[in-house]
Amino acid sequence: QRSPLNDFQLLRGTQLQNLLHAVVPGPWQEDVANAEECARLCGPLLDCRAFHYNRSSHGCQLLPWTQNSPNTQIHHSGCCDLFQKKDYIRTCIMDKGVGYRGTVATTAGGLTCQSWNHRFPNDHRYTPTLQNGLEENFCRNPDGDSGGPWCYTTNPSVRFQSCGIKSCQEAACVWCNGEDYRGSVDHTESGRECQRWDLQYPHQHPFHPGKFMERGLDDNYCRNPDGSERPWCYTTDPQLEREFCAIPSCAPPLTKQFQSRFISGSKAPPDQVATTFNCFRGKGEGYRGTANTTTAGVPCQRWDSQSPHQHGFSPEKYACKDLRENFCRNPDGSEAPWCFTTRPGMRVAFCYQIPRCTDEILPEDCYQGSGKQYRGSVNKTRKGIPCQHWSAETPHKPQFTPASAPQLEKNFCRNPDGDSHGPWCYTTDPGTLFDYCALKHCNKDQLPSILKPPVPVQFEKCGKRVDRMDRWRSMMR
Amino acid sequence: VVGGQPGNSPWTVSLRNRKGEHFCGGSLVKEKWVLTARQCFSSCHEPLTGYEVWSGTLFQNPQPGEPDLQRVPIAKMVCGPSSSQLVLLKLARSVTLNQRVALICLPPERYVVPPRTKCEIAGWGEGKGSSGASVLHVASMNVISNQECNVKHRGRVHENEMCTEGLLVPTGACEGDYGGPLACFTHDCWVLQGIIIPNRVCARPRWPAIFMRVSVFVDWIQKVMQLE
């Protein structure tokens with residue numbers, strides 16, 4: 001059940017243009033069922049190296065070039081996706097690299113390759129054709145040499161030399177559990193081809209690339225989006241849902257002694273999130289504190305124990321995650337630090353009692369009351385975002401302007417609507433309309449009660465429900 | 001919910017992560033707005049692509065194609081005032097109100113719920129063996145004054161928080177219920193008076209439970225919904 005798209009690398013929202021007017025791409029074929037049909041058309045054609053797929057019109061345009069071809073330019077497109085054959089795009093080789101169609105033209109020893117259609121300085125019997133892919137002076141492997149792609153060199157004393165292009169397996173290694181792996185291996189350790197992450201067959205799965213943007217779920221490459229032990233993929237074999245990929249580790253094999261140091265967090269691999277101890281940032285992957293109960297106070301199970309809950313998060317397999325004792329950790333990208341609990345009926349629980357590290361900057365001034373009279377010059381939000389000028393119209397169109405309220409000077413924090421939570425401002429961040437300012441209350445301890453005694457109130461369209469539970473009960477049964 | 005029963009709470013929604021797993025509760029305060037706890041989210045600014053709000057079902061894992069289920073992506077998150085521990089979630093589109101999905105009223109600004117008012121919490125969270133988490137559970141609680149609450153909690157309960165009575169039989173919110181509502185029946189309507197926040201202990205016998213007091217932040221909620 002492999003998809004013909006497996007041979008292509010996708011660039012979403014992209015079009016590829018050839019700047020030479022003399023060459024024209026193929027015509028648009030409308031009403032193609034989907035991108036797979038387009039791939040089926042392009043795949044076997046030797047002069048088709050890529051195609052555009054128009055998502056709205058379901059159009060398909062076959063292209064004889066890729067982004068690595070001369071005089072081409074990629075640009076953003078609202079409607080089109082660009083699919084390019086992997087053999088032309090990948091910078092590493094699969095197997096012996098017979099299918100390699102990249103543009104490396106230098107040997108491992110640094111010599112410039114001779115053009116395949118030249119017979120000088122080295123004479124040879126190869127004639128470039130579409131079949132053998134011998135193009136310009138690019139490294140190729142037309143004879144299936146075990147050393148991978150090679151070329152005749154322009155040095156008369158060195159007839160030919162291997163180009164030393166690494167296999168995709170060797171080209172990128174994995175740190176820790178390989179969450180950052182962005183290499184091009186697309187087969188599992190048993191040799192099965194991976195299923196594309198953007199397809200739901202043969203296996204349905206929750207890892208839609210659009211939802212997990214930062215996980216790099218490109219094409220059908222091995223990845224680790226769920227904090228597994230190693231990069232993996234769904235396979236194109238309907239009988240086997242998912243399998244690990246054999247990608248070497250960047251770290252040398254750990255000795256027992258080194259392992260214990262490593263586990264205790266002394267070595268930080270690249271790109272690891274910042275370590276915290278008394279609070280956690282983001283999802284808490286960097287939390288290394290000693291909280292060891294769930295939010296509700298249930299003691300955590302030790303990570304090196306399989307009782308009462310069996311699990312795969314053994315400290316040895318997750319050396320970078322510091323799974324020490326029974327401390328709350330987040331080894332799998334969950335919402336917050338968590339643990340297996342010691343209660344048999346409750347497998348896992350979050351440790352939300354660990355406070356989040358503040359992302360607020362230190363207050364720069366203070367205000368009285370609700371801050372309606374504040375006339376200071378603080379012009380930053382509590383997160384440190386600069387305020388938008390009250391007279392400006394972008395990035396946000398203000399409801400309060402200096403015309404209606406003269407105290408709205410420059411981009412200073414003010415409280416034109418008497419907000420009980422203090423002075424605020426529109427922010428210069430297009431994603432944050434307004435926010436409270438980097439200010440504190442001048443005498444918070446002496447504030448009168450903010451609460452009012454109960455008063456009669458009326459509600460109209462909310463808070464009503466049908467309390468007849470018959471249908472629900474039958475459903476639940 | 002510990003000590004609860006399967007029940008109906010049409011304003012209680014389930015927050016789902018990118019894998020579709022329930023991780024917190026929330027309350028529908030407008031067709032496009034859900035109020036929940038800040039602690040449920042990693043950042044005020046991180047994109048929420050793939051996160052959804054599920055409403056209209058009693059089941060934690062509804063069957064595919066359940067007709068009443070409404071799944072709406074979260075478009076944006078707005079963090080509340082620093083002392084609030086609250087966030088408002090803007091939905092990518094409005095939910096459709098019906099018998100299974102309803103809005104809950106917001107209280108008047110700074111309204112204090114009178115002690116002994118009947119309230120209830122709802123959620124799909126842990127039941128400590130007293131209930132399964134597979135269907136929505138609801139538990140009744142009675143409000144007590146902050147003064148009374150502070151006797152047990154030694155003055156640590158602030159004005160922007162409120163409490164419910166600690167019963168001998170453990171009753172209250174637990175893992176997975178955070179962000180959900182404390183709804184109180186006031187003037188013939190259910191009003192969102194409190195938000196369940198992560199607490200050190202779930203449903204500890206005789207210990208009052210603490211909630212964020214929504215009425216203190218109603219002006220912020222109205223302002224966000226109006227300006228955004």
Side-chain angles (χ1 to χ4, degrees), chain A residues 206-208 210-213 226 281-284 293-298 334-336 343 345-346 349-350 352-353 356 359-360 382-383 399 417 419-422 429 431-436 449-467 469 472-473 475-476, chain B residues 6-11 17-20 23 38-47 49-50 58 76 78 81-82 99 102-114 126 128-129 135 159 174-175 178 183 186-191 198-202 215-217 219-220 223 227-228:
Chain A
F207 295 103
H208 301 271
K211 282 188 181 179
F212 292 79
M213 303 284 266
D226 63 345
R281 275 185 216 290
K283 295 187 171 181
T293 64
T294 71
T295 320
V298 180
S334 289
E335 303 305 316
R343 191 174 291 161
M346 192 199 292
F350 288 116
Y352 277 132
Q353 79 280 11
R356 288 187 183 279
D359 53 355
E360 297 187 7
R382 55 187 167 156
K383 314 274 183 197
Q399 285 197 345
D417 58 348
D419 190 318
S420 66
H421 308 288
D429 170 12
T432 308
L433 177 70
F434 79 95
D435 203 359
Y436 298 100
S449 172
I450 53 169
L451 301 174
K452 289 177 179 170
V455 284
V457 283
Q458 276 201 318
F459 302 105
E460 286 172 2
K461 289 179 182 170
C462 53
K464 309 277 189 194
R465 76 178 173 200
V466 180
D467 273 327
M469 289 285 291
W472 292 97
R473 287 209 179 95
M475 279 173 71
M476 283 189 281
Chain B
N8 181 21
S9 180
W11 35 79
N17 66 17
R18 294 179 297 181
K19 286 193 233 171
F23 65 95
R38 164 75 181 89
Q39 189 76 331
C40 294
F41 290 91
S42 58
S43 151
C44 294
H45 302 288
E46 203 153 285
T49 317
L58 296 179
K76 189 177 184 178
V78 182
S82 302
Q99 281 201 343
L103 303 181
I104 189 164
C105 299
L106 286 169
E109 271 184 49
R110 301 181 209 172
Y111 176 82
V112 178
V113 190
E126 172 63 27
K128 245 180 165 179
V135 291
E159 274 197 336
C174 206
E175 321 277 4
Y178 307 123
T186 315
H187 304 288
D188 290 335
C189 280
W190 288 95
V191 183
N199 210 338
R200 276 298 296 174
V201 187
C202 61
S215 70
V216 174
F217 303 102
D219 55 344
W220 166 73
K223 181 172 172 174
L227 291 184
E228 295 270 359

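Chain A is the first sequence line, chain B the second, and so forth, proteins listed ahead of strands; every chain is numbered from 1. In this text, all values refer to a predicted model and were calculated from it rather than measured experimentally. All heavy atoms count here, side chains included; hydrogens, waters and symmetry mates do not.
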Report the residues that fulfil salt bridge (Lys or Arg N to Asp or Glu O under 4.0 Å) with Asp226(A), sequence neighbours left out, ordered by chain and then residue number.
-> Arg242(A)
So how far is it from Lys19(B) NZ to Ser334(A) OG, rounded to the nearest 0.5 Å?
-> 6.0 Å
With a 4.5 angstrom heavy-atom cut-off, could you sort out which part of Pro81(B) is near chain A: side chain, backbone, both or neither?
-> both
Say whether, by atom type as modelled, one donor and one acceptor occur between the side chain of Arg465(A) and the main chain of Asn8(B) under 3.5 angstrom.
-> yes
For the side chain of Glu175(B) and the backbone of Ala349(A), is there at least one donor-acceptor N/O pair under 3.5 Å apart?
-> no
Nearest-0.5 Å distance that lies between atom SG in Cys44(B) and atom CZ in Arg356(A) = 9.0 Å
Max heavy-atom pair count under 4.5 Å with chain A, selected residue of Ser215(B), Ser9(B), Ser82(B), Ser43(B) | Ser82(B)
dist Arg38(B):CZ -> Tyr352(A):OH (nearest 0.5 Å) comes out at 10.5 Å
For the pair Gln39(B) and Phe350(A), evaluate side chain to side chain contact (heavy atoms under 4.5 Å, CB included) and give the outcome as yes or no after the intermediate values.
-> CA-CA 11 Å; Gln39(B) 189 76 331; Phe350(A) 288 116; over 6 Å; no
In Å and rounded to the nearest 0.5 Å, what is the NE2 to OG1 distance from His208(A) to Thr49(B)?
-> 13.5 Å
Side chain, backbone, both or neither: which part of Tyr436(A) has an atom under 4.5 Å from a heavy atom of chain B?
-> side chain
Donor-acceptor contact below 3.5 Å, side chain Gln353(A) vs main chain Pro198(B) = no
Taking the six-membered ring of Phe41(B) as reference, does the NZ or CZ atom of Lys283(A) fall below 6.0 Å from its centre and within a 45° cone about the axis?
-> no
Exam field: side chain Lys76(B) to backbone Gly431(A), donor-acceptor pair closer than 3.5 Å | yes
Derivation of the side chain to side chain contact (heavy atoms under 4.5 Å, CB included) call for Asp219(B) and His421(A) | CA-CA 9 Å; Asp219(B) 55 344; His421(A) 308 288; 2.9 Å; yes
Looking at residues at least two apart in the chain, or sitting in another chain, which of them share a disulfide bond (SG atoms under 2.5 Å apart) with Cys189(B)?
-> none
Side chains of Trp190(B) and Lys464(A): closer than 4.5 Å at any heavy-atom pair?
-> no
Would Asp419(A) and Trp220(B) count as a side chain to side chain contact (heavy atoms under 4.5 Å, CB included) if you check the C-alpha gap in whole Å, the side-chain angles of each, and the deciding distance to 0.1 Å?
-> CA-CA 8 Å; Asp419(A) 190 318; Trp220(B) 166 73; 5.5 Å; no
